[in-house]
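Computed from heavy atoms alone, side chains included, the values below leave out hydrogens, waters and symmetry copies. Counting starts at 1 for both ligands and their atoms, in listed order.
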Amino acid sequence: MVFSKKFQFVIPFFLFMLHLHASTAQNIGGYWFAGSGFPASSINSTLFTHLFFAFADINVTTYRVTISSSNSVPLSSFTQTVQQKNPSVKTLLSIGGGASNPSIFSAMASQPSSRKSFIDSAIQLARSNNLHGIDVDWEYPSTPSDMQNFGQLVTELRTSVVIEARDSGKSALLLSAAVFRSSNYYSLNFPAKAMNDSFDFLNLMTYDFHGPNWFPNRTAPPAALYFQTNSGAYQVGGDQGISSWIAAGVSPRKIALGIPYYGYAWRLRNASNNGLYAPANGSAFGGDGSMGYNQIRAFVSQNGARCVYNSTVVTDYCSSGTTWIGYDDVQSVTAKVNYCKSRGLFGHFVWHVGADNNWALSQTAYNTWKM
Ligand SMILES: *[C@@H]1O[C@H](CO)[C@@H](O)[C@H](O)[C@H]1NC(C)=O
Ligand SMILES: *[C@@H]1O[C@H](CO)[C@@H](O)[C@H](O)[C@H]1NC(C)=O
Ligand SMILES: *[C@@H]1O[C@H](CO)[C@@H](O)[C@H](O)[C@H]1NC(C)=O
Ligand SMILES: *[C@@H]1O[C@H](CO)[C@@H](O)[C@H](O)[C@H]1NC(C)=O
Ligand SMILES: *[C@@H]1O[C@H](CO)[C@@H](O)[C@H](O)[C@H]1NC(C)=O
Ligand SMILES: *[C@@H]1O[C@H](CO)[C@@H](O)[C@H](O)[C@H]1NC(C)=O
Ligand SMILES: *[C@@H]1O[C@H](CO)[C@@H](O)[C@H](O)[C@H]1NC(C)=O
């Protein structure tokens, strides 16, 4: 009697928990690169489901995926290192990235033989270093034939990964790509159908919308979720990018929103006029004005900067004197993770884990998706 009563309670409760889990499960990706100076052994991998090793390169002559001599030792120990704190975290080898030459991708993708070199060597490099997947970071396919060849490449990559898993008896490598914020790259459509069918998930680089070097005359949010019409800023936002990929045929369950762990600093023209879209004169500190989240928090505490969260567009910003910094803090990250949950997305990812400040943002994201 006691037992059956217990079971009556336990079984529905268990099913309820399963359902709850299935409907809210979120994935948290984080990119790491050796040059960040942040040791992989210091990553709190409990806070992530996927960690990306950035970056492997493509040899311009052979089109094979290679690892530089400085990255080869960190790569060989990456999975073992990050699994110490979280044995179930998945690791992926990212190939390319923003600093790699897109014309090498373009040439590689244009011929069956070079695509095969790329695919076979990528699988081999990931397997021989015990990674769980491959992440393609071509920034960006930018001609109609690039787009077509990209579709061909990802279809062949999926086929090879399936065959390799069958032949090796191992579970298939995960396949992801870091892609432009929108399914449309300056009026060229990505091969969304092939991408949806071939990739396990897509990391949408929903950031770098504004920065002082390409938008110098006004402050603006670097990675807002929404845009404000009549603000004088570009009409781009993360939500718009997500919607464009879904409209192009990518399942929401395969889309991750990108959250930057960095911001951009502008020089205000008038220290008292320090809101969003205020008159500015380029970068505050020279260079491109980018600052890691940990550097921004140090700036805030050293200068007693005034910080504001704007929930209309979803951004944080702070200012002190004529320095104005747009970035994502705890409030923006919370709102963005809740957004990912409400749209039923795969999850989100961050660039890059080493720029967090004592895990403040990662812990916030983790707690928000668990709620
Ligand atoms: C890592 O995150 C987990 C989960 O929130 C937490 O329990 C743990 O204390 C964190 N470890 C460090 C070193 O921050
Ligand atoms: C590319 O591969 C060729 C042939 O193996 C090799 O000679 C060359 O050094 C490689 N290039 C780089 C930059 O590693
Ligand atoms: C910024 O303002 C300067 C002059 O004040 C102008 O020459 C320039 O075109 C503006 N830049 C942009 C991107 O609007
Ligand atoms: C995208 O992929 C998912 C999962 O593989 C599939 O269920 C869905 O039908 C695909 N969407 C389109 C538009 O093909
Ligand atoms: C600076 O901005 C404040 C607040 O908007 C305004 O009252 C003041 O007149 C401005 N100063 C100059 C020199 O434009
Ligand atoms: C804007 O900044 C440039 C240098 O970055 C400087 O030469 C120029 O005088 C500044 N303009 C104003 C109005 O402060
Ligand atoms: C966000 O900033 C815009 C532009 O200044 C403003 O119109 C809006 O009211 C702000 N939202 C909040 C919640 O303060």
Side-chain angles (χ1 to χ4, degrees), residues 21 24-32 36-52 78-91 210-220 228 230-233 259 261 264-294 297-298 305-308 310 317-326 329-330 333-334 336-338 340-341 347-350 352-371:
H21 183 74
T24 61
Q26 282 260 290
N27 293 286
I28 306 181
Y31 282 84
W32 176 83
S36 64
F38 187 86
S41 57
S42 299
I43 301 171
N44 188 350
S45 44
T46 313
L47 304 172
F48 298 90
T49 58
H50 299 80
L51 287 166
F52 300 87
F78 187 63
T79 300
Q80 193 191 12
T81 300
V82 299
Q83 284 196 334
Q84 275 165 15
K85 292 187 190 107
N86 178 3
S88 60
V89 71
K90 302 286 186 231
T91 56
H210 299 96
N213 277 11
W214 63 100
F215 193 77
N217 296 338
R218 281 176 188 275
T219 65
Q228 187 129 14
N230 305 321
S231 65
I259 300 182
Y261 280 5
Y264 287 97
W266 277 256
R267 176 72 59 214
L268 292 168
R269 290 196 179 264
N270 174 346
S272 311
N273 191 357
N274 51 21
L276 279 174
Y277 319 117
N281 182 23
S283 168
F285 305 117
D288 68 356
S290 65
M291 291 174 83
Y293 177 65
N294 45 12
R297 290 312 312 178
R306 159 187 162 276
C307 296
V308 177
N310 184 296
Y317 60 90
C318 64
S319 65
S320 170
T322 56
T323 302
W324 187 98
I325 306 169
D329 211 318
V330 165
V333 168
T334 303
K336 287 181 175 185
V337 173
N338 280 326
C340 294
K341 286 164 75 169
H348 74 276
F349 74 94
V350 306
H352 65 99
V353 297
D356 203 349
N357 191 39
N358 297 321
W359 304 112
L361 297 182
S362 302
Q363 193 73 65
T364 296
Y366 178 81
N367 294 344
T368 305
W369 79 254
K370 274 209 312 186
M371 280 189 316

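A donor atom on one side chain and an acceptor atom on the other are not found under 3.5 Å apart for Tyr366 and Thr46.
The Asn270 neighbourhood of ligand 5 comprises atoms 1 (C), 2 (O), 3 (C), 8 (C), 10 (C), 11 (N), 12 (C), 14 (O), with distances under 4.0 Å to a heavy atom of that residue. For ligand 1, the atoms lying closer than 4.0 Å to a non-hydrogen atom of Leu47 are 2 (O), 4 (C), 5 (O). The Gln363 neighbourhood of ligand 1 comprises atoms 2 (O), 4 (C), 5 (O), with distances under 4.0 Å to a heavy atom of that residue.
At least one N/O-N/O distance between Asn44 and ligand 1 falls below 3.5 Å.
Protein heavy atoms come within 4.0 Å of atom 11 (N) of ligand 5. Distance check for atom 5 (O) of ligand 1: a protein heavy atom is found below 4.0 Å.
Scanning the protein heavy atoms around atom 13 (C) of ligand 6, the nearest turns out to be Arg269 NH1, 2.8 Å. Asn281 ND2, 1.5 Å is the protein heavy atom nearest to atom 1 (C) of ligand 6.
In this pair, Phe48 and Trp359 present their aromatic rings perpendicular. The plane angle is above 60°, beyond the 30 to 60° band. The aromatic rings of Trp324 and Trp266 sit perpendicular, their planes meeting at an angle over 60°, well past the 30° parallel limit.
Other residues, nucleotides and ligands place no more than 12 heavy atoms under 6.0 Å from the CG atom of Asn358.
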Practice task
In sequence, state the C-alpha distance, the side-chain angles, and the governing distance for Tyr261 and Ser362, and then conclude on side chain to side chain contact (heavy atoms under 4.5 Å, CB included).
Solution key: CA-CA 10 Å; Tyr261 280 5; Ser362 302; 2.9 Å; yes
Problem - side chain to side chain contact (heavy atoms under 4.5 Å, CB included) assessment of Trp32 paired with Phe78 - result: CA-CA 10 Å; Trp32 176 83; Phe78 187 63; 3.6 Å; yes
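Looking at Asp356, its side chain does come within 3.5 Å of a backbone N or O of Leu361 through a donor-acceptor pair.
With a 4.0 Å heavy-atom cut-off, ligand 6 is reached by no atom of Arg267.
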